[in-house]
Q: 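If you scroll down you'll find the structure; I have some questions about it.
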Amino acid sequence: QVQLVETGGKLVQAGGSLTLACAGSGLTISNYYMGWFRQAPGKEREFVAAIGRSATSAIVEDSVKGRFSISRDNPKNTVTLQMNSRKPEDTAAYFCAATYTSRSLSDTSEYVTWGQGTQVTVSS
C-alpha cells in the first residue's frame, strides 16, 4: 500500500520549535518532489513549503518564510518540516504530499499522493 504518514503534531504554546515528519511507505520519496500543506478549520488547504528531489532547492510560502524550513532524507525516506517561532495562526492540520512534477509546487492539484495529516495547535 502506497502512503505517506505524518507525525509530530501536537498542542504547543506560541514560540519555540516543532518538527513534523513525513515517512513514505510503499513509496520511494526520492522519486518525487515533496510538499507540505496546511488546512485550518473552515479554510482551504494552503501551500507551506516544497523541496526538490535531491534537496538542492526548496521554496517556502511567504507567510512562514524565515520561521519554517523543509528538508528531506532520501535514504530514510522521510521529509521534515521544521517550525520555529510558532504563532497561533499556524494552527492547522498539516499534510505532506508527493508530486512527479515541479511545474507548480504550490498547487494542490499537482500532487498525486497525500498523507492523512497531523494536527498542530498553537496556543497564545
Q: Hey, which of L11, V120, T121, V12 is the one that makes side-chain contact (heavy atoms from CB on, under 4.5 Å) with T91?
A: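 Checked L11, V120, T121, V12 against T91; only one passes side-chain contact (heavy atoms from CB on, under 4.5 Å): T121.
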Q: Report yes or no: do L4 and L105 belong to one cluster of Ile/Leu/Val/Met/Phe/Trp/Tyr joined by side chain heavy-atom distances under 4.5 Å?
A: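 No; tracing contacts between hydrophobic side chains, which count when under 4.5 Å, never links both residues.
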Q: Does the side chain to side chain contact (heavy atoms under 4.5 Å, CB included) test come out yes or no for Y100 and Y33, once each step is laid out?
A: CA-CA 6 Å; Y100 286 115; Y33 298 86; 5.9 Å; no
Q: Determine all donor-acceptor pairs shorter than 3.5 Å in which one atom belongs to a side chain in residues 40-51; sequence neighbours excluded.
A:
residue, atom, partner, partner atom, Å
R45, NE, Q39, OE1, 3.2
R45, NH2, Q39, OE1, 3.3
E46, OE2, R38, NE, 2.7
E46, OE2, R38, NH2, 3.3

Q: Report the distance from atom CG of L81 to atom OG of S71, rounding to the nearest 0.5 Å.
A: 8.5 Å
Q: Apply salt bridge (Lys or Arg N to Asp or Glu O under 4.0 Å) to R67 and list each qualifying residue two or more places apart in sequence or on a separate chain.
A: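 Residues passing salt bridge (Lys or Arg N to Asp or Glu O under 4.0 Å) with R67: D90.
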Q: With sequence neighbours left out, what residues match K87 under side-chain hydrogen bond (donor to acceptor under 3.5 Å, both in side chains)?
A: none
Q: Do N84 side-chain atoms and F68 backbone N/O form a donor-acceptor pair below 3.5 Å?
A: no
Q: Strictly distance-based, threshold 3.5 Å: is any side-chain N or O of E6 a donor or acceptor partner for the main-chain N or O of A21?
A: no
Q: Linking directly or through intermediates, with side-chain heavy atoms under 4.5 Å: list the remaining ILVMFWY members grouped with V5, chain and number order.
A: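 Reading the cluster by chain and number, V5 sits alone, since nothing else belongs.
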Q: Could you check V79 against I29 for side chain to side chain contact (heavy atoms under 4.5 Å, CB included), going step by step and ending with a plain yes or no?
A: CA-CA 8 Å; V79 178; I29 70 163; 3.5 Å; yes
Q: Is a donor on one side and an acceptor on the other found under 3.5 Å between the side chain of T118 and the backbone of G9?
A: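 Yes; judged by distance alone, with no hydrogens or angles, the pair exists.
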Q: Please enumerate all residues that pass side-chain contact (heavy atoms from CB on, under 4.5 Å) together with T78, with sequence neighbours excluded.
A: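 For T78 the side-chain contact (heavy atoms from CB on, under 4.5 Å) partners, ignoring immediate neighbours, are A23, D73, K76.
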Q: Nearest 0.5 angstrom please: E61 CD to I70 CD1, how far?
A: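 It comes to 13.0 Å.
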Q: Would you say the ring centers of F37 and Y94 fall short of 6.0 Å from each other?
A: no
Q: The criterion is side-chain hydrogen bond (donor to acceptor under 3.5 Å, both in side chains); which residues satisfy it with T56, sequence neighbours excluded?
A: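 S54.
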Q: Salt bridge (Lys or Arg N to Asp or Glu O under 4.0 Å) with K10: which residues, sequence neighbours excluded?
A: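 Not a single residue meets the salt bridge (Lys or Arg N to Asp or Glu O under 4.0 Å) criterion with K10.
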Q: What residues, two or more places apart in sequence or in another chain, satisfy side-chain hydrogen bond (donor to acceptor under 3.5 Å, both in side chains) together with Y111?
A: none
Q: Which atom pair, heavy atoms only, marks the closest approach of A98 to M34?
A: CB-SD, 3.6 Å
Q: So, using salt bridge (Lys or Arg N to Asp or Glu O under 4.0 Å) as the criterion, who are the partners of E110 when residues are at least two apart?
A: R103
Q: Any pair with a residue in residues 19-30 that passes side-chain hydrogen bond (donor to acceptor under 3.5 Å, both in side chains), sequence neighbours left out, goes on the list, sorted by first then second residue, please.
A: T19-Q82
Q: Step by step, would you call L18 with R86 a side chain to side chain contact (heavy atoms under 4.5 Å, CB included)?
A: CA-CA 8 Å; L18 182 66; R86 301 179 303 250; 3.8 Å; yes
Q: Would you please name every residue forming a side-chain hydrogen bond (donor to acceptor under 3.5 Å, both in side chains) with R72, sequence neighbours left out?
A: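 Partners of R72 by the side-chain hydrogen bond (donor to acceptor under 3.5 Å, both in side chains) criterion, ordered by chain and then number, come out as N74.
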Q: Does L20 reach the side chain of W36, with side-chain heavy atoms less than 4.5 Å apart?
A: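 A side-chain contact exists here, since the closest heavy-atom pair is under 4.5 Å.
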Q: What pairs meet the disulfide (SG to SG under 2.5 Å) rule with one or both residues in residues 16-124, with sequence neighbours excluded?
A: C22-C96
Q: Distance check, rounded to the nearest 0.5 Å: D107 atom CG versus T99 atom OG1?
A: 9.0 Å
